[in-house]
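Taking it in order: structure first as structure tokens, then the write-up.
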Amino acid sequence: MNLLKKCCSCFRKKTEGAPPSTSDPTTDFKGQPRLPTFAVPKRYDIQLKPDLAACKFEGIVSIVIDIIADTRFIVLNAAAQLHINSDSVYFSDPNSNKVFEKPKVGKVQADEILVLEFSETLPKGMGVLTIGFEGVLNDKMKGFYISTYDHNGEKKNMAVTQFEPAYARQCFPCWDEPSFKAKFNITLLDVPSELVTLSNMPVDEEELNGNLKTVYYQESPVMSTYLVAVVIGLFDYIEDHTPDGIKVRVYSQVGKANQGKFALHVALQTLGFYKDYFQMPYSLPKLDMVAIPDFAGGAMENYGLVTYREKDLLFDDHHSAAANKQRVATVVAHELAHQWFGNLVTMEWWTDLWLKEGFATWMSYMAKDKLFPEWKIWTQFFDHESSEGLRLDGLAESHPIEVEVNHASEIDEIFDTISYKKGASIIQMLKGYVGGPHFQNSLATYIKRHAWSNARTNDLWAVLKEECNEPTMDKIMNSWTKQKGYPVLSVKMKNQTLEIKQSRFLYAGSRDRCQWIIPITYCCGDYDSLISLLMEKKSETYDIKDLLSNVTDPARSWIKLNVEQIGFFRVKYDDGLAAKLRYAIEHKCLSVTDRLGILDDSFALCMAREMSLTSLLTFMAAYREELEHTVLSNLIKIIDKIERIVADARPELMNYIKQFFIGLLLHAAANFGWDPKQGESHLDAMSRGDIFTALAVLGHEETINEANSRFNAFLNDRNTPLLHPDIRKAAYVAVMQKVTSSNKAGLESLLKVYRETDISQEKTRVLGSLASCPDESVVYEALNFALSSEVRKQDAVFGLAVSKEGREVAWKWLKNNWDKIWTTYGSGILLTRFVGPIVSSFASSEKMKEIGTFFGRSEASKVRTLKQSMEQIYINSKWVQTIRNDKDLAEAVKKLANK
């Protein structure tokens with residue numbers, strides 16, 4: 001505390017830069033993937049003085065460091081935009097009271113490092129490095145940035161930090177790598193006294209000076225720099241306590257406090273569940289959760305101060321849908337899992353990002369299942385996580401779960417489906433292999449062993465070896481984390497023997513020599529005959545005559561591999577086995593997840609040209625009476641993709657395709673109806689909106705007319721029961737189906753809804769509907785709106801849900817606005833969400849060449865997402881050719897449409 005107060009006077013000094021150096025101190029440190037380790041931080045004393053009106057800040061940091069090798073240099077991170085006051089830099093040795101002043105100061109902009117060269121060797125042991133700095137509160141939603149909000153009709157600024165993965169260096173000089181854990185003392189200086197000021201730890205002391213205040217926070221436990229956080233603004237809050245006294249608060253904009261009640265409930269229950277599951281209590285005295293209007297990701301797990309997008313934390317009882325409720329629970333549970341997996345135990349380097357993101361994703365399902373068993377959340381795991389992981393990992397341009405990261409600029413790209421969804425999926429597979437109790441005990445041991453420290457993937461395998469008595473654990477799991485991709489198992493029945501061969505699944509159709517050690521389950525005719533085994537060879541055979549003996553009932557003659565879709569692989573059945581599975585699906589003999597898994601695998605095999613579209617559509621007819629949410633959700637996604645590819649390959653069949661797809665969904669539409677039913681399930685409520693949205697996109701006139709009628713009632717009365725939040729997206733999409741360049745009344749009405757609401761979930765619903773219009777000129781106008789000042793930067797990507805008719809004009813729009821998009825979003829996560837949705841929907845080699853030429857002159861050509869999108873175009877083009885050559889397709893589609 002005394003050190004902090006003593007240093008306050010440094011802010012009043014205006015210093016000039018050090019004289020030009022005759023030599024470059026950075027020479028030996030350029031281009032290195034990691035910081036050198038001859039000096040290690042132990043504690044940071046950080047003072048920040050933000051000016052929210054001028055959008056700038058200044059500060060001073062005193063870092064207790066341990067010099068562990070002879071050196072004249074100290075090398076740490078500082079971003080190019082952070083100005084270092086050279087004359088403020090010095091190193092002090094507390095043992096001798098000697099001060100080492102005026103080092104040569106060099107910065108490497110490309111590597112974001114600050115190199116300090118002192119005139120003599122620094123003494124080993126503990127010392128204090130002090131640096132003064134200045135910076136800008138930016139509008140890029142990273143580092144130390146400004147978010148805007150309205151208060152009593154006046155636009156206000158709040159200051160927010162977002163330091164993950166490597167943006168703490170934009171706020172203060174630091175060792176900005178996860179392995180350099182240290183304690184933090186944070187002080188906020190001269191903040192307007194009416195503002196709420198938050199950091200990782202509780203307030204230790206607050207000093208008032210007129211209308212300004214200085215706030216000192218308690219010292220944190222050791223943590224990585226990416227978890228440090230500060231939020232300053234006007235907020236309301238609600239609070240409660242866990243049974244063991246942890247204070248939990250949800251902060252929101254003034255007037256929205258009640259919208260935090262559901263998140264608060266989830267947080268309180270989840271903290272207790274994780275405490276029991278990990279056998280380790282939450283490690284800080286408080287937990288704050290804050291809704292931020294401008295926020296790039298979904299949320300950020302800062303230790304003790306979790307920040308969220310508003311739509312992922314707040315829930316309005318009158319205007320939020322069931323899907324919004326589940327989303328809030330998912331994000332809260334995910335971020336709180338990080339308080340153990342990520343914050344308490346941190347990956348040593350970003351190569352092991354999946355250790356926190358994969359586990360947080362998986363643990364969120366454990367928590368939701370505990371809190372809301374009626375949601376049947378594990379039936380959704382495959383559709384939301386595994387299916388998406390399999391989709392991306394089926395590309396040659398995928399990457400291993402453990403991916404080498406050789407520069408900080410590469411980190412953003414791996415916050416992707418592989419780290420989150422594939423990571424979660426192999427955790428689920430691993431749990432299924434070793435068993436739930438063994439797995440839980442292993443995780444508890446892992447947490448205890450590495451608490452307040454860092455870990456690598458091999459550290460987890462080592463614990464699992466011990467706890468599960470599985471000496472080959474690392475060998476099994478390395479085949480899943482160190483190589484990209486996954487296998488497809490080709491299954492044949494021959495003389496009551498099951499023949500299984502594994503090969504890498506690739507949508508592009510090529511094969512390689514990859515091999516996996518695969519935990520396999522299968523059952524024959526019922527779920528009581530479950531068999532588990534470990535496949536270690538490229539091909540194996542299994543005698544199953546005992547399981548098939550005396551089977552005369554066709555409803556019990558099926559064989560299903562990968563029971564409940566626990567394994568991260570696909571299955572290709574021979575024609576005989578596939579026919580029996582279709583019979584089992586039609587007669588409801590299979591579980592929800594198995595029906596879903598077979599459908600998902602069949603679609604993937606069709607896209608990879610290993611199953612004809614005729615066969616796939618015929619198989620899909622078995623799902624006409626499907627009512628389960630997760631299966632319907634997957635079916636709708638497949639319908640959309642097939643409709644788009646057929647429009648390219650066989651446009652003359654589009655009316656028949658639409659008629660068939662409408663027929664697939666009408667049974668479910670009739671069952672759910674437009675209005676909520678007393679006592680209906682959470683899943684049925686979500687299905688209602690999905691079904692009617694899909695029918696509107698397919699052009700089903702009855703759906704479009706009913707939706708428009710209900711929307712008109714909603715325009716007259718925002719509280720009408722005729723347009724429940726669960727069906728509003730469907731209504732908005734239906735409205736846009738009737739909008740044309742000569743009749744924009746529906747578009748103008750939706751924009752009115754957008755402008756009048758202050759609920760982010762409602763704005764997202766509207767924004768995600770506008771470009772679904774079939775009229776190209778209207779699509780272009782909708783895309784321009786998404787990029788306008790009326791839409792927050794992070795929300796623009798929701799406006800890219802473009803109709804198949806608007807695909808070409810969307811590409812034109814992207815080209816015309818590329819410089820603005822690149823300038824606004826750079827090469828970060830949000831940028832990748834612009835390119836993929838528009839580019840990857842094309843299906844011709846000519847378009848692939850055009851897109852490649854356009855991006856070839858841009859830095860975007862290096863972005864992995866663009867490479868994946870280009871590969872998807874190639875896959876689509878090959879698929880189109882196969883569909884054009886499918887001689888049975890026309891007759892089959894006409895028959896299916898007329899059934």
Checklist line | Residue of the set Gln326, His629, Met686 for which side chain to side chain contact (heavy atoms under 4.5 Å, CB included) holds with Trp375 | finding: Gln326
Notebook entry, point to check: Is it the case that Lys580 places NZ or CZ above or below the six-membered ring of Tyr583, under 6.0 angstrom from the centre and within 45 degrees of the axis?
Noted result: no
Answer yes when [X] and [Y] have at least one side-chain N-carboxylate O distance shorter than 4.0 Å, and no when they do not.
X	Y	answer
Arg570	Asp601	yes
Glu402	Lys482	yes
Glu388	Arg391	yes
Arg650	Asp886	no
Lys804	Asp648	no

Check: Passes side chain to side chain donor-acceptor pair (under 3.5 Å), His334 versus Glu357? Steps please.
Finding: CA-CA 8 Å; His334 180 107; Glu357 296 302 349; 3.1 Å; yes
Notebook entry, point to check: So Tyr486 and Trp516, ring-ring contact (aromatic ring centres under 6.0 Å, His included) or not? Walk me through it.
Noted result: CA-CA 8 Å; Tyr486 58 86; Trp516 289 262; 7.6 Å; no
Next item on the list: First locate atom OG1 of Thr472, then atom CG of Leu534, and finally report the distance between them rounded to the nearest 0.5 Å.
Entry: 7.0 Å
Notebook entry, point to check: NZ of Lys895 to CZ of Phe660: how many Å apart, nearest 0.5 Å?
Noted result: 14.0 Å
Margin query: Test side chain to side chain donor-acceptor pair (under 3.5 Å) on Asn885 and Gln881; report intermediate values, then the result.
Written below: CA-CA 6 Å; Asn885 295 330; Gln881 290 301 319; 5.1 Å; no
Notebook entry, point to check: Is the Phe341-Tyr446 ring centre distance short of 6.0 angstrom?
Noted result: yes
Checklist line | NZ (Lys637) with more than 12 external heavy atoms under 6.0 Å | finding: yes
Next item on the list: Give a yes or no on whether Asn495 atom CG has more than 12 heavy-atom contacts from other residues, nucleotides or ligands under 6.0 Å away.
Entry: no
Next item on the list: Go through Tyr433 and Glu470 one step at a time and tell me if the side chain to side chain donor-acceptor pair (under 3.5 Å) criterion holds.
Entry: CA-CA 11 Å; Tyr433 176 63; Glu470 182 60 71; 3.1 Å; yes
Notebook entry, point to check: Can Lys368 and Thr330 be counted as having a side-chain donor-acceptor contact under 3.5 angstrom?
Noted result: yes
Notebook entry, point to check: Is there a donor-acceptor contact under 3.5 Å linking the side chains of Asn634 and Tyr623?
Noted result: no
Checklist line | Where Ala396 and Lys484 come nearest, the two heavy atoms and their spacing | finding: O-NZ, 2.7 Å
Notebook entry, point to check: Between Ser419 and Asp416, is there a donor-acceptor pair closer than 3.5 Å when you use the side chain of the first and the backbone of the second?
Noted result: no
